[in-house]
Amino acid sequence: MKPYLTRIIVTLSVVSLLTDISSEMLYPVMPAYLKSIGFTVLWIGLLEGFAEAVVGLTKGYFGKWSDVSGRRMPFVIIGYLFSTISKPLIGLFTSIPVIFLARSSDRLGKGIRTAARDAVLAHESEIAHRGKVFGFHRAADTFGAALGPLVALVWLHYNPGEYRQLFIYAFFPAIVAVALLFLIKEKKSEFVSTEKLSLRNVFSFFSYWKKSSPSYKHAAAGLIAFALINSSDVFLLLRAKDAGATDEQVILAYIFYNLVYALFAFPAGAIADKIGMKKSFMVGLIFFIGTYFGMAFASSAWAVFTLFIFYGIYAAIAETVSRAWLSGLCEKNERATALGFYSGMSSLAALAASTVAGLLWLKAGAMVVFLFSAAGAGVVLIYFATGRQKN
């Protein structure tokens, strides 16, 4: 029996682990750092929403480019390299335009690599094991996301308030990850396209919706609708601060969330292979609703800490299942385009979600932000529960 964890899958997972150590050294301290250099909650929401929109739109374009060219690894390597180079810039400069540019460049790298990398993972896995493969990758990715904040926690314990050096140190694990990618040999594509792609038709991947299957449309529509109410995780970190948590407690909560996420990702993928992707995602939505409803009324740092456990379980299920689900609802030679379309639309939705969340927080307070998201997720849950389309 062919092993479902190939050398390529393991290498890509280690690369993701190292990259997330780098990225997540910075993410939990990002709100505090941005506030320290003059960003308001609204500006933080706009920054994160804009960054996610950059990811999504570029995932779509570069995903289709990858399909048309029949190549995967050049996009993976260039994408990781882009993110690696951009990380130190956020710590070196403090002006709003430069921070926007640096953060967007980091996300651009993710946009270049993600659809092509996911297509490699899907190509390397059989349909019966796809949930486990994506779950293994997410587990490695998220284990790195737990180690990164731990490094930040140790640094800030001995150097309180010294955020900027972390952006420099984050460069080193990221560059090791890029070096590992050169160990992967590009496999020859079985598909040759005559389609031409240029910057003039950068949004042509949006046309994929018309040709996609009814099952893909059903799944993607619900997932994109969910993205419309799922604002950046930065707001969860801000909520922890709002509830009285110190910087160290916020980072500890984020580490614990990522550990839960990492521990549950592989089992979530294995269960999804057995019961179906749609049912698994619906279970994830229930955990999301519980988390956000609880966040609306949380009044202490410990309450928020407990809710991060449930959020970790949600993320392990939903983030593992969504891409594996969609990759099985499209043609093999269109996987990167299909995943890119979903990413593009969901990231535009995330821009709207984070902007609205920032405005609601300023005008009505944190409780309204989290109740709004919980209610919206409930609507999506009903949509999937009553829909006729299956996996």
Side-chain angles (χ1 to χ4, degrees), residues 8-30 33-34 47-48 50-59 61-63 65-66 71-94 97-121 137-138 140-152 155 163-186 232-234 254 258 336 340 343 347:
I8 290 177
I9 291 170
V10 172
T11 302
L12 286 174
S13 298
V14 173
V15 167
S16 288
L17 184 150
L18 290 170
T19 301
D20 255 42
I21 289 175
S22 172
S23 297
E24 301 299 335
M25 284 170 62
L26 312 178
Y27 192 77
V29 304
M30 187 76 76
Y33 171 68
L34 292 176
L47 173 63
E48 289 303 304
F50 182 75
E52 289 307 312
V54 169
V55 173
L57 291 176
T58 52
K59 275 182 187 177
Y61 175 65
F62 288 104
W65 191 353
S66 174
R71 303 289 301 280
R72 305 298 189 197
M73 289 311 300
F75 297 92
V76 177
I77 293 170
I78 292 170
Y80 276 108
L81 186 60
F82 235 89
S83 294
T84 298
I85 293 172
S86 65
K87 281 182 173 65
L89 298 179
I90 299 177
L92 293 174
F93 301 95
T94 58
V98 175
I99 294 292
F100 263 81
L101 178 63
R103 181 71 174 141
S104 298
S105 297
D106 177 38
R107 299 294 82 189
L108 173 61
K110 184 173 183 178
I112 293 171
R113 71 182 181 252
T114 301
R117 184 204 63 205
D118 289 348
V120 173
L121 291 172
H137 179 265
R138 291 307 303 171
D141 184 292
T142 310
F143 186 61
L147 291 177
L150 186 60
V151 174
W155 170 259
Y163 305 117
R164 299 182 72 180
Q165 290 90 331
L166 279 173
F167 291 88
I168 308 300
Y169 298 148
F171 173 81
F172 296 103
I175 199 64
V176 173
V178 172
L180 287 177
L181 290 171
F182 289 94
L183 299 177
I184 299 176
K185 185 178 179 181
E186 179 83 54
S232 170
D233 289 351
V234 163
Y254 193 67
N258 278 303
S343 295
S347 292

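In what follows, residues are counted from 1 in the order of the sequence shown. These numbers come from a predicted model, not from an experiment. Worth knowing before you read on, the calculation uses all heavy atoms, side chains too, and leaves out hydrogens, waters and symmetry mates.
- The minimum heavy-atom distance between D141 and S16, with the atom names listed, is OD2-CB, 3.6 Å.
- In terms of the side-chain contact (heavy atoms from CB on, under 4.5 Å) criterion, residue partners of L183 (sequence neighbours excluded) are, by chain and number, L180.
- When the options V151, I21, D20 are evaluated for a side-chain contact (heavy atoms from CB on, under 4.5 Å) with P173, the one that passes is I21.
- The nearest pair of heavy atoms linking F62 to L108 is CE1-CD1, 4.4 Å.
- Closest of all the heavy-atom pairs between A177 and L18 is CB-CB, 3.8 Å.
- In this structure, CG in L166 is found 10.5 Å from OG in S22, a value given to the nearest 0.5 Å.
- The minimum heavy-atom distance linking A116 with R72 is given by the pair CB-O, 3.7 Å.
- A donor-acceptor pair under 3.5 Å links the side-chain atoms of S66 to the main chain of R71, judged by distance alone.
- Interatomic distance, F182 CZ to I184 CD1, rounded to the nearest 0.5 Å: 10.5 Å.
- Between the CD1 atom in I85 and the CD1 atom in I175 there is a gap of 7.0 Å [rounded to 0.5 Å].
- When every heavy atom of T84 is checked against every heavy atom of Y80, the shortest pair comes out as OG1-O, 2.8 Å.
- In this structure, the separation between CG on L81 and CZ on R113 is 10.5 Å, given to the nearest 0.5 Å.
- Among residues two or more places apart in sequence or in another chain, the side-chain contact (heavy atoms from CB on, under 4.5 Å) test is passed with F143 by L17, L147, L259, A262.
- The NZ atom of K110 sits 10.5 Å away from atom OG1 of T19, with the distance rounded to the nearest 0.5 Å.
- Across all non-hydrogen atoms, the minimal contact from M73 to L181 is CE-O, 4.0 Å.
- For D106, the side-chain contact (heavy atoms from CB on, under 4.5 Å) test picks out S83, S86, K87, R103, with sequence neighbours left out.
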